[in-house]
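First up is the structure itself, then whatever we jot down about it.
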Protein chains: 2
Amino acid sequence: MTDKQEKILNAALELFAIHGYNAVSTSKIAKEANVSEGLIFRHFGNKKGLLDAILNQAYERATLLYSHIVSEEDPKKTIRETITLPFRLKESEYHFWKLQFKLKWELEISGADKVRPLLEKMAWAFEELNYKEPCKEAQTLHHIGESILGGILRDGIETQIPLKDFLLKKYDV
Amino acid sequence: MTDKQEKILNAALELFAIHGYNAVSTSKIAKEANVSEGLIFRHFGNKKGLLDAILNQAYERATLLYSHIVSEEDPKKTIRETITLPFRLKESEYHFWKLQFKLKWELEISGADKVRPLLEKMAWAFEELNYKEPCKEAQTLHHIGESILGGILRDGIETQIPLKDFLLKKYDV
DNA sequence: CATAAAAGTGAGTAATCACTTGCAAATATA
DNA sequence: TATATTTGCAAGTGATTACTCACTTTTATG
């Protein structure tokens, strides 16, 4: 990974996250990254290849983010950590997560498989806590978390903060 | 509203909903609608004006959809109708709602103000039912509903159906 | 040091973009 | 029926699109 390759990746991530994939041209990415436009195609083949490279970083990043939850042994702590997950994101990573939401709707790239381990862990936790329908509890909480994250990314974290303690209390964790 | 005007509106709605705003050109819309490209600009000024015309229809449609909930007097029924709302959408209207989700992320058009009356009604219902924090309950259920609707539009209704009865039981409505 | 491979450039390409213009056909109004 | 207005079309416009190619510079290897 050369210096200029990283510059391209960073510029593209930022521009895609702000404006969307289709609204950003390769020439604008090149300008933002201070490289020639041809270099993008040398390294990534085509525009879609550039996006794929960004998304590959994504996969590792996402997995890392909740790896400590998957290996958690206390069910209550599992739920607690899952609820607080969207609130613990660094602002410097907002671009990255915003891109995920944008792509989900702009290009129908789901990313659902990437969170399956977390979903299964949540189902396990709810089962341990003797909930009647752990799978559906997990799916519901996942829905809540997803929508909260969306709210944070679009409207800012302060609009969602009140929900954090409310949910922790509601689930008694 | 002439016949061709409606054809343009319908073609644009469908194409925008499937591919997104930026990915659909005015020439493709014209072709799909069987009109000359110039006619789009005659009637709607520019591409953004065409989108605005579609979104104006949207506002009326969305308001109509939950108007019966806002005027509901039984709190339990209010919650019940809100939960089942995403499941009662006609498939012919999926395009329209898909476009709403797409625009929320592609062009950061929120549409949050359009559902405020529903949110307030839900808060009222939870208060009537003696929930401790009706506003946050409403916000949480709204998050769930939004995410379920998204799931229906992206992955099909069968992926979300199991959650319907689960939620109705959970909220005891 | 010599040579090959990789990294990087910048001027091209055809196709497509949103949009305009000049003019004909249809419709409304008198 | 005469005239004005709206509706519609086809052929444009310059700008921008993703991408290519011939070329130079840098880096790695024997």
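Sequence lines set the chain letters: A, B, ... in the order given, protein chains first and strands last, and positions in each chain run from 1. Because only heavy atoms are used, hydrogens play no part in the values below, and waters and symmetry mates are left out as well, while side chains stay in.
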What's touching nucleotides 5-11 of chain C from the protein side, N or O pairs under 3.5 Å?
unit_1 : atom_1 : unit_2 : atom_2 : d
C:dA7  : N7     : A:R42  : NH1    : 3.4
C:dG8  : OP2    : A:T2   : OG1    : 3.3
C:dG8  : OP2    : A:H43  : NE2    : 3.0
C:dG8  : N7     : A:R42  : NH1    : 3.0
C:dG8  : O6     : A:R42  : NH1    : 2.7
C:dT9  : OP1    : A:K4   : NZ     : 2.9
C:dT9  : OP2    : A:S36  : N      : 3.0
C:dT9  : OP2    : A:S36  : OG     : 3.2

Roughly how many Å is it from [atom1] in [X] to [atom2] in [N], rounded to a whole number?
{"X": "A:F44", "N": "D:dA18", "atom1": "CZ", "atom2": "P", "answer": "15 Å"}
{"X": "A:F41", "N": "C:dG12", "atom1": "CZ", "atom2": "P", "answer": "18 Å"}
{"X": "B:I40", "N": "D:dC9", "atom1": "CD1", "atom2": "C1'", "answer": "13 Å"}

Taking ring pair (Phe, Tyr, Trp, His ring centres under 6.0 Å) as the definition, give me every residue that meets it alongside A:F101, ordered by chain and number, with sequence neighbours left out.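 Counting only residues at least two positions away or on another chain, A:F101 forms a ring pair (Phe, Tyr, Trp, His ring centres under 6.0 Å) with B:W105.
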Sequence neighbours excluded, which residues qualify as ring pair (Phe, Tyr, Trp, His ring centres under 6.0 Å) partners of B:F126? B:Y131, B:Y171
If you look only at pairs with a residue in residues 149-160 of chain A, which of them pass as a side chain to side chain donor-acceptor pair (under 3.5 Å), with sequence neighbours excluded?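 As it turns out, the side chain to side chain donor-acceptor pair (under 3.5 Å) pairs with a partner in residues 149-160 of chain A, which skip direct neighbours, are A:Q160-B:H143.
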Is any side-chain N or O of A:S25 closer than 4.0 Å to OP1 or OP2 of D:dT17? yes
If we only count heavy atoms from C-beta on, is the A:N22 to A:L107 side-chain gap below 4.5 Å? yes
Heavy-atom side-chain contact between A:F87 and A:I152 under 4.5 Å: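 Yes, their side chains come closer than 4.5 Å.
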Restricting to side chain to side chain donor-acceptor pair (under 3.5 Å), what partner residues turn up for [X], sequence neighbours left out?
{"X": "B:S67", "answer": "none"}
{"X": "A:T82", "answer": "none"}
{"X": "A:K136", "answer": "A:E133"}
{"X": "B:K102", "answer": "A:E108"}

Classify B:T26 by what it touches in the nucleic acid, base, sugar-phosphate, or nothing, heavy-atom distance under 4.0 Å.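 Here B:T26 touches the bases of the nucleic acid.
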Heavy atoms within less than 4.0 Å of DNA chain D: which residues of residues 46-54 of chain A have one? Give them sorted by number.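 Hits under 4.0 Å, by residue number: A:N46, A:K47.
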Contacting residues from residues 12-24 of chain B, given that a heavy atom lies under 4.0 angstrom of DNA chain D: none
side-chain hydrogen bond (donor to acceptor under 3.5 Å, both in side chains) assessment of A:T26 paired with A:E37: CA-CA 7 Å; A:T26 48; A:E37 193 177 354; 2.7 Å; yes
Terminal axes of the helix from C:dC1-D:dG30 to C:dA30-D:dT1 (five pairs each): angle between them, nearest 10 degrees: 20°
Under the side-chain contact (heavy atoms from CB on, under 4.5 Å) rule, what do B:I79 and B:I83 come out as? Steps first, then yes or no, please. CA-CA 6 Å; B:I79 304 298; B:I83 289 173; 4.0 Å; yes
Find the distance between CG (A:L89) and CD1 (A:I157) and round it off to the nearest 0.5 Å.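 Reported to 0.5 Å precision, the distance equals 8.0 Å.
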For residues 81-97 of chain A, the salt bridge (Lys or Arg N to Asp or Glu O under 4.0 Å) pairs (sequence neighbours left out) are A:R61-A:E93, A:E81-A:R88
